[in-house]
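Naming: A, B, ... by sequence-line order, numbering from 1 per chain. Everything quoted here is computed from the prediction, not taken from an experiment.
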Number of protein chains: 2
Amino acid sequence: MSIQTPIPVRDVSFRGLRQSCSNCSLRELCLPVGLNQDELRQLDTIISQGRPIKRGEALYRAGEPFRSLYAVRLGFFKASVISEDGREQVTGFHMTGELLGMDAISTDFHTCDAIALEDSEVCELPFGDIETLARDVPALQHHLYKVMSREIVRDHGVMLLLGNMKAEERLAAFLLNLSQRFAVRGYSAMSFHLRMTREEIGSYLGLKLETVSRTLSKFQDQGYIKVQNRLIELVDVDSLKRLLNSCQG
Amino acid sequence: MSIQTPIPVRDVSFRGLRQSCSNCSLRELCLPVGLNQDELRQLDTIISQGRPIKRGEALYRAGEPFRSLYAVRLGFFKASVISEDGREQVTGFHMTGELLGMDAISTDFHTCDAIALEDSEVCELPFGDIETLARDVPALQHHLYKVMSREIVRDHGVMLLLGNMKAEERLAAFLLNLSQRFAVRGYSAMSFHLRMTREEIGSYLGLKLETVSRTLSKFQDQGYIKVQNRLIELVDVDSLKRLLNSCQG
DNA sequence: GATTTTAGTTGATCTAGATCAAGTTGTGGC
DNA sequence: GCCACAACTTGATCTAGATCAACTAAAATC
């Protein structure tokens, strides 16, 4: 199972990229599959130009009124909920092409924080407008349902991970998932830079930062990976996968 | 925080109940708020009669092709995903008025099993038809987005629970959540029958059945609850809530 | 209504991962 | 380029919850 379903970029939410309209032509960046020229033009009028978010800044925070969904155009985000007593639970890491903010539709307020882990850029998609357009464009309507459904499936995968797996299995699943998602976006599957701290990984995986650190070291000792600070190289992917398959939790 | 957001029944998915059309008049049972007479009539034509599911039977199973969402009309379900190596993770318990199957929109196949934990009855909502109708009925379209969003928020709550909380906190959250949801449906908030085994509770909460049993006994010893097999009586709700608020995980 | 089966409790022990602690490395700010 | 602070590693110890085990109680089944 994969904790963050690896999906071809074209399916993630919106795809493509062209430098025409300023920096964020929805026409190509945020293009749901199967729209015709006219429908695309309509979409373009709705979607705002790219908005840059500096590393460390919040795209939105829990409690803020909901207006728009955001498509990550470039960069890397973490989403997290904070419990009343201040504990943070990272609910996901989001990269190019993924959609943020769907949790907020429920109450018209954001229920989690979205923080940029590197300098990033998003497309703002005003939800009211999107919803209206979706009525005229069945493909868009269906696409939105699909993207939300996929988020639910992903969350179930995380529950399975948190509820059933041991530390090594969690880390292996996490690394393999990241690897796949980078690969899909044209980056190396075998070597990548972690944008998040050990503590954030731990929060996502239900582990303490020391356990994350130790487990990474263990993987390195066993020759599964090489770790240099936040640079990860996957050396023996099969062994990592075996860790996952043979997990008898 | 609540692991399974307590929501007034009218918001859960569809509401109302009348004995007119056989046993499952959508007109009242599965009525999204804010539809007019004509829209209701349209809905009625789409939705199938109530379908009974016996205790222990599956409403659907992972891998089956997706056709419809299901509104629980009566009864109690568990939803669970099974990992490749056979581990079960219960992803939720669902009662009257809640919607099942939204995870399947993503791939057009169900990704989890839905098993009745008592004799139950559901309304089948063919998704294609619902989607088509939603184009003409903005309130219905928006309602569907909301329901799916709410599921995402609920899942984030479970992640927080699984990632951060200790056994006692998880159990307290679980009992309080059940209590609220029963209350909303007109049943007693202080005393209710658990439809699931200790093992199923444990699977949902990321605990072993022995730990669930022990923790319930502990709560009873401390005078928080009374346990008689599957009958739970909440004696000291405040203490249970305090357990949750003061959790310093 | 007796019997088999399944669900639940409780105790003893073990262990994965948390916690505490000390040191190292890396990074952003001036 | 130096300083201060944040991120990371590694070791020693502790503990919540898992595991193993034995027993009891409640349902199904015949």
Counting only side-chain nitrogens and oxygens, does [X] get under 4.0 Å of the OP1 or OP2 atom of [N]?
X	N	value
Arg170(A)	dG17(C)	no
Ser213(B)	dT9(C)	yes
Ser217(A)	dT10(D)	yes
Lys166(B)	dG17(D)	no

**OP:** Assign a letter to each nucleotide of nucleotides 22-30 of chain C from its 5' end: B, base within under 4.0 Å of a protein heavy atom; S, sugar-phosphate only; -, no contact.
**Re:** ----SSS--
Atom-to-atom span, [atom1] of [X] to [atom2] of [N] - whole angstrom:
X	N	atom1	atom2	answer
Arg195(B)	dA27(D)	CZ	C1'	17 Å
Glu210(A)	dT10(D)	CD	P	13 Å
Ile232(B)	dA7(C)	CD1	P	17 Å

Subject >> Check: Thr211(B) main-chain N/O paired with Thr215(B) side-chain donor or acceptor under 3.5 Å >> reply: yes
Would [X] and [Y] pass as an ion pair if we require N to O under 4.0 Å?
X	Y	answer
Arg150(B)	Glu98(B)	no
Arg87(A)	Glu169(B)	yes
Arg55(B)	Asp119(B)	no

Original post:
Looking at the rings of Phe93(A) and Tyr204(A), which for Trp means the six-membered one, are their centres under 6.0 Å apart?
Top reply: yes
Original post:
With nearest nucleotides of DNA chain C determined for Met196(B) and Arg214(A) from heavy-atom distances, which residue corresponds to the more 5′ nucleotide?
Top reply: Met196(B)
Original post:
Using a 3.5 Å cut-off on both pairing distances, which stems of three or more Watson-Crick or G-U pairs include DNA chain D?
Top reply: C:1-30 with D:1-30
**OP:** Describe the nucleic acid contact of Leu209(A) in one word from base, sugar-phosphate, nothing, applying a heavy-atom distance below 4.0 Å.
**Re:** base
**OP:** Could you tell me whether Gly202(A) contacts a base, only the sugar-phosphate backbone, or nothing, with contacts defined as non-hydrogen atoms closer than 4.0 Å?
**Re:** nothing
